[in-house]
Amino acid sequence: MSKIPKDILGEPRNFIEEELEKDVQAGKVPKPIHTRFPPEPNGYLHIGHAKAICLNFGIAQKYGGKTNLRFDDTNPATEDTEFVDAIKFDIKWLGFDWEDREYYASDYFKQLYEFALKLIDKGLAYVDDSSPDEIANQKGTPTEPGVNSPYRERSILENRDLFIGMKEGKYNDGSRVLRAKVDMSSPNMHMRDPVIYRIKRETHHRTGDDWCIYPMYDFAHGQSDSIEEITHSLCSLEFRHHRPLYNWLIEELEIYPSRQIEFARMNVAYMITSKRKLLRLIQDGKVTAWDDPRMSTISGMRRRGYPPTALRTFCDKVGIAKRENLIDIALLEACVKEELNKTSDRLMVVLDPIKLTIANYPEHQTEELMVVNNPEDESPTERLVMFSQTLFIERADFMIDPPKKFFRLGPGRAVRLKGAYIIECIVYKLDENGEIAEVICNYFDNSKSGSDTSGVKAKGTLHWVSQDHAVDVEVRQYDRLFTDPTPDGYEDKDFLEFYNENSLEVITEAKAEQAIKTCEVGTGIQFMRKGYFVKDIDSTNEHLVFNRTVTLRDSWKKLQARK
RNA sequence: UGACCCAUGGUGUAAUGGCAACACAAAGGUUUUUGGUACCUUCGUUCUAGGUUCGAGUCCUAGUGGGUCAACCA
């Protein structure tokens with residue numbers, strides 16, 4: 001008998017957990033809680049799947065149960081092992097483990113076939129020779145009842161022969177289907193004699209050409225749940241109308257009574273989760289692939305640099321309910337920043353460089369400075385950064401005629417160079433276009449970081465990179481993929497109309513300190529004062545590529561935007 | 001002109017008939033060798049109208065608004 005663990009008693013519960021606990025307390029769950037994650041291997045997993053994964057695995061963990069991975073592979077026309085492998089990789093990366101419970105609906109084809117025969121024998125299923133159009137017409141509309149098929153009253157014997165014939169390949173694709181005999185006048189369209197088996201000569205990614213008939217979702221999903229003795233089958237709200245059929249089939253087949261509970265799927269502003277539309281972005285060349293860092297896919301977010309823990313925190317904070325929702329993408333980014341702030345080493349990288357020369361610093365002198373990697377660490381480590389007379393600083397960190405609240409460099413202004421000295425600007429040079437070509441400063445030699453005796457006050461601190469020691473890197477700055485929070489929410493507009501043409505800005509020659517060479521793919525780092533970045537898989541030893549994961553909060557930029 | 005589901009700050013989720021709470025966002029402030037982080041402050045007629053009750057965000061009724069349902073897809 002399943003029990004509710006004592007240590008979770010004080011924790012808040014969502015409505016699914018409440019239902020589940022009621023079942024347990026009513027003695028309806030004679031074994032540990034068992035859930036499943038049932039993806040169809042016809043595309044890559046996205047942020048919405050991440051929520052379903054966290055929910056299913058999370059709830060089982062919380063109540064001391066287990067979760068199966070089950071591929072819902074009943075439509076061979078669209079499914080492929082490529083997707084199976086990608087899905088498994090993504091779930092593991094997210095941090096969940098199905099152990100040895102990797103199942104496939106296709107493993108149950110024989111059993112499902114026998115279930116169908118049982119239904120026929122009970123007089124609860126019949127072979128229908130009607131065309132798809134005819135069947136659609138028989139079903140009526142949501143406001144008008146359906147009418148019975150002319151084939152509805154075939155004898156059990158005839159239905160058996162016909163269905164066995166279907167399985168043996170005697171009939172053409174689409175010529176006949178097996179239908180459950182339920183109620184053509186039900187107000188629920190799904191109860192109006194749903195098709196449960198169709199003839200389809202397609203090579204299946206696992207069963208090859210063994211079968212030419214395949215079960216429909218309604219005759220595969222619930223039955224698979226039952227075969228695996230899934231106690232609670234959690235799915236999204238649009239399956240609400242399938243539940244009476246789900247229960248009807250379990251009852252008539254006299255199999256394990258799994259319980260379906262529906263929750264609202266998550267919508268995130270500026271993201272889409274339709275596999276078809278995600279695929280179109282790829283086909284139209286708007287993104288490079290399923291794992292393009294702008295994609296809402298798990299693989300895309302991984303490549304973007306979102307840590308798996310952040311994704312899990314996000315799914316947790318979003319919660320579970322039944323109402324329509326549109327999550328602010330800022331919540332996702334807040335989770336990413338919270339995690340990365342704790343774990344990322346800081347590095348200095350100048351994205352839009354201008355030259356800065358320290359006039360009173362010895363011309364060929366270099367210094368090895370020690371700079372803290374991550375100030376959030378309890379016992380922070382340090383790295384070596386090279387300092388010299390000629391540096392790069394950020395173009396935006398200098399203004400010819402700065403306003404009072406600008407805490408960076410300008411003629412006569414002093415700033416600290418992070419981990420180094422305080423400098424004061426004496427003069428600047430312009431190029432032929434009137435752009436800043438070079439900033440010339442003096443430094444205070446007694447202001448060295450950690451042993452500053454200068455007494456000079458500097459309001460701002462800048463990041464910098466020594467010109468002679470700089471490493472050129474390519475930086476890909478990503479922004480949201482769409483210009484509208486609900487790009488696919490308009491009936492009269494195609495979602496691609498909202499494609500953000502500025503969703504990718506490439507900087508080919510950013511200037512980075514030496515330590516950038518030690519960065520690894522998958523490990524987030526902070527480019528100090530700029531944002532969190534991660535090394536991209538396109539990198540080679542000679543050519544480093546970094547993806548911007550998310551920017552830092554920028555209260556200066558915000559202040560300017562308001563003016 | 002049907003059935004079913006839903007309705008709490010800008011957003012998302014709590015409050016299980018008894019002081020509307022937490023997070024994100026926004027705004028203001030303190031600290032800071034990242035204009036980051038951290039910390040503090042501010043931001044609600046619980047969709048409407050009736051009813052039950054000593055007491056309703058919560059229960060009941062009606063309305064309003066939103067969502068879902070008519071693939072040989074899942």
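In the text below, chain A, chain B and the rest are named by the order of the sequence lines, each starting its count at 1.
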For this session: Please work out if A:E376 contacts a base, only the sugar-phosphate, or nothing of the nucleic acid, heavy-atom cut-off 4.0 Å.
Result: base

Problem set entry | 5' priority, RNA chain B, between A:D72 and A:S555 [closest heavy atom] | A:S555

Exercise. For A:K558 and A:R553, what are the C-alpha separation, side-chain angles and deciding distance, and is it a side chain to side chain contact (heavy atoms under 4.5 Å, CB included)?
Worked result: CA-CA 9 Å; A:K558 214 178 268 180; A:R553 173 199 232 114; 4.2 Å; yes

Problem set entry | Whether A:D80 side chain and A:E82 backbone form a donor-acceptor pair below 3.5 Å | yes

For this session: Could you check whether A:M216 gets within reach of a base, just the sugar-phosphate, or nothing at all, counting any heavy atom under 4.0 Å?
Result: sugar-phosphate

For this session: Show the numbers, then the answer: is there a side-chain hydrogen bond (donor to acceptor under 3.5 Å, both in side chains) between A:S186 and A:N188?
Result: CA-CA 5 Å; A:S186 168; A:N188 182 344; 5.4 Å; no

For this session: Report the distance from atom NZ of A:K200 to atom OH of A:Y214, rounding to the nearest 0.5 Å.
Result: 9.5 Å

Problem set entry | Residues in side-chain contact (heavy atoms from CB on, under 4.5 Å) contact with A:Q25, at least two apart in sequence or another chain | A:I4

Seminar exercise, completed: Residues passing the side-chain contact (heavy atoms from CB on, under 4.5 Å) test with A:M216, sequence neighbours excluded, are A:V195, A:R198

Exercise. When all nucleic acid strands are considered with a 4.0 Å heavy-atom cut-off, which category describes A:F239: base, sugar-phosphate, or nothing?
Worked result: base

Exercise. Mind checking the C1' distance from B:A21 to B:G9? Whole angstroms is fine.
Worked result: 12 Å

Exercise. What does A:P375 touch in the nucleic acid at a heavy-atom separation under 4.0 angstrom: a base, only the sugar-phosphate, or nothing?
Worked result: base

For this session: Write down the distance separating the P atoms in B:A38 and B:C24, rounded off to the nearest Å.
Result: 8 Å

Problem set entry | Rounded distance in Å between the C1' positions of B:A15 and B:U8 | 10 Å

Exercise. At under 4.0 Å between heavy atoms, what does A:N188 touch on the DNA or RNA strands: base, sugar-phosphate, or nothing?
Worked result: nothing

Seminar exercise, completed: Between the NZ atom in A:K342 and the CG atom in A:D377, the distance rounded to the nearest 0.5 Å is 12.0 Å

Exercise. Under 4.0 angstrom, heavy atoms only, what part of the nucleic acid is A:V177 near: base, sugar-phosphate, or nothing?
Worked result: base

For this session: Assign A:T78 to base, sugar-phosphate, or nothing according to its heavy-atom contacts below 4.0 angstrom with the strands shown.
Result: nothing

For this session: List in numerical order all residues of residues 413-425 of chain A for which some heavy atom is under 4.0 Å away from an atom belonging to RNA chain B.
Result: A:R416, A:K418, A:G419

Exercise. Under the salt bridge (charged side-chain N to carboxylate O under 4.0 Å, His left out) test, which residues partner A:K22, sequence neighbours left out?
Worked result: A:E19

Problem set entry | Dot-bracket summary - RNA chain B, pairs being Watson-Crick or G-U whose distances fall under 3.5 Å, with | when paired to another strand | .((((((..((((....[..)))).(((((.......)))))....(((((..]....))))))))))).....

Problem set entry | Ring centers of A:H221, A:Y217 separated by less than 6.0 Å | yes

For this session: Check each residue of residues 327-337 of chain A for a non-hydrogen atom within less than 4.0 Å of any atom in RNA chain B, then write out the ones that pass by number, or none.
Result: A:I327, A:D328, A:A330, A:L331, A:A334

Exercise. Hey, what's the ring geometry for A:H204 with A:F109, parallel, tilted or perpendicular (30° and 60° as the breaks)?
Worked result: perpendicular

Exercise. Between B:U13 and B:A7, how far is it from one P atom to the other, in whole Å?
Worked result: 9 Å

For this session: Would you mind classifying the nucleic acid contact of A:R553 as base, sugar-phosphate or nothing, using non-hydrogen atoms under 4.0 angstrom?
Result: sugar-phosphate

For this session: Give one of base, sugar-phosphate or nothing for A:T461, where a contact means two heavy atoms less than 4.0 Å apart.
Result: sugar-phosphate

For this session: On RNA chain B, check which nucleotide each of A:A458 and A:P187 is closest to and give me the residue with the more 5' one.
Result: A:P187

Exercise. With A:K530, which residues qualify under side-chain hydrogen bond (donor to acceptor under 3.5 Å, both in side chains), at least two apart?
Worked result: none

Seminar exercise, completed: By side-chain hydrogen bond (donor to acceptor under 3.5 Å, both in side chains), A:H205 pairs with (sequence neighbours left out) A:D73

Exercise. So what does A:F71 hit on the nucleic acid, given a heavy-atom distance under 4.0 Å: a base, only sugar-phosphate, or nothing?
Worked result: nothing

For this session: Select base, sugar-phosphate, or nothing to describe what A:S185 touches, counting heavy atoms under 4.0 Å on all strands.
Result: nothing

Exercise. Expressed in whole Å, how much space separates the P atoms belonging to B:C47 and B:G12?
Worked result: 14 Å

For this session: Considering only atom C1', compute the distance from B:U48 to B:C40 and round it to an integer number of Å.
Result: 38 Å

Exercise. Where does the chain A footprint on RNA chain B start and end, counting 5' to 3' with a 4.0 Å heavy-atom cut-off?
Worked result: B:G2 to B:A74

For this session: Identify whether any heavy atom of A:R408 sits under 4.0 Å from a base atom; if not, whether one sits that close to sugar-phosphate; answer base, sugar-phosphate or nothing.
Result: base

Exercise. Can you find a side-chain donor-acceptor pair between A:E339 and A:T313 that sits under 3.5 Å?
Worked result: no

Exercise. A:D345: what forms a side-chain hydrogen bond (donor to acceptor under 3.5 Å, both in side chains) with it, not counting sequence neighbours?
Worked result: none

Exercise. Under 4.0 angstrom, heavy atoms only, what part of the nucleic acid is A:R240 near: base, sugar-phosphate, or nothing?
Worked result: sugar-phosphate

For this session: Name the nucleic acid region contacted by A:H463, choosing base, sugar-phosphate or nothing; use a 4.0 angstrom heavy-atom cut-off, strictly under.
Result: nothing

Exercise. Can you name the side-chain contact (heavy atoms from CB on, under 4.5 Å) partners of A:I516, sequence neighbours left out?
Worked result: A:L347, A:V349, A:V471, A:V473, A:A512, A:C519, A:F527, A:L544, A:F546

Exercise. Residues in side-chain hydrogen bond (donor to acceptor under 3.5 Å, both in side chains) with A:N374, at least two apart?
Worked result: A:R346

Exercise. If you measure from the P atom in B:G65 to the same atom in B:A26, how many Å do you get, rounded?
Worked result: 33 Å

Exercise. Expressed as a whole number of Å, how far does the C1' atom of B:U37 sit from that of B:U30?
Worked result: 14 Å

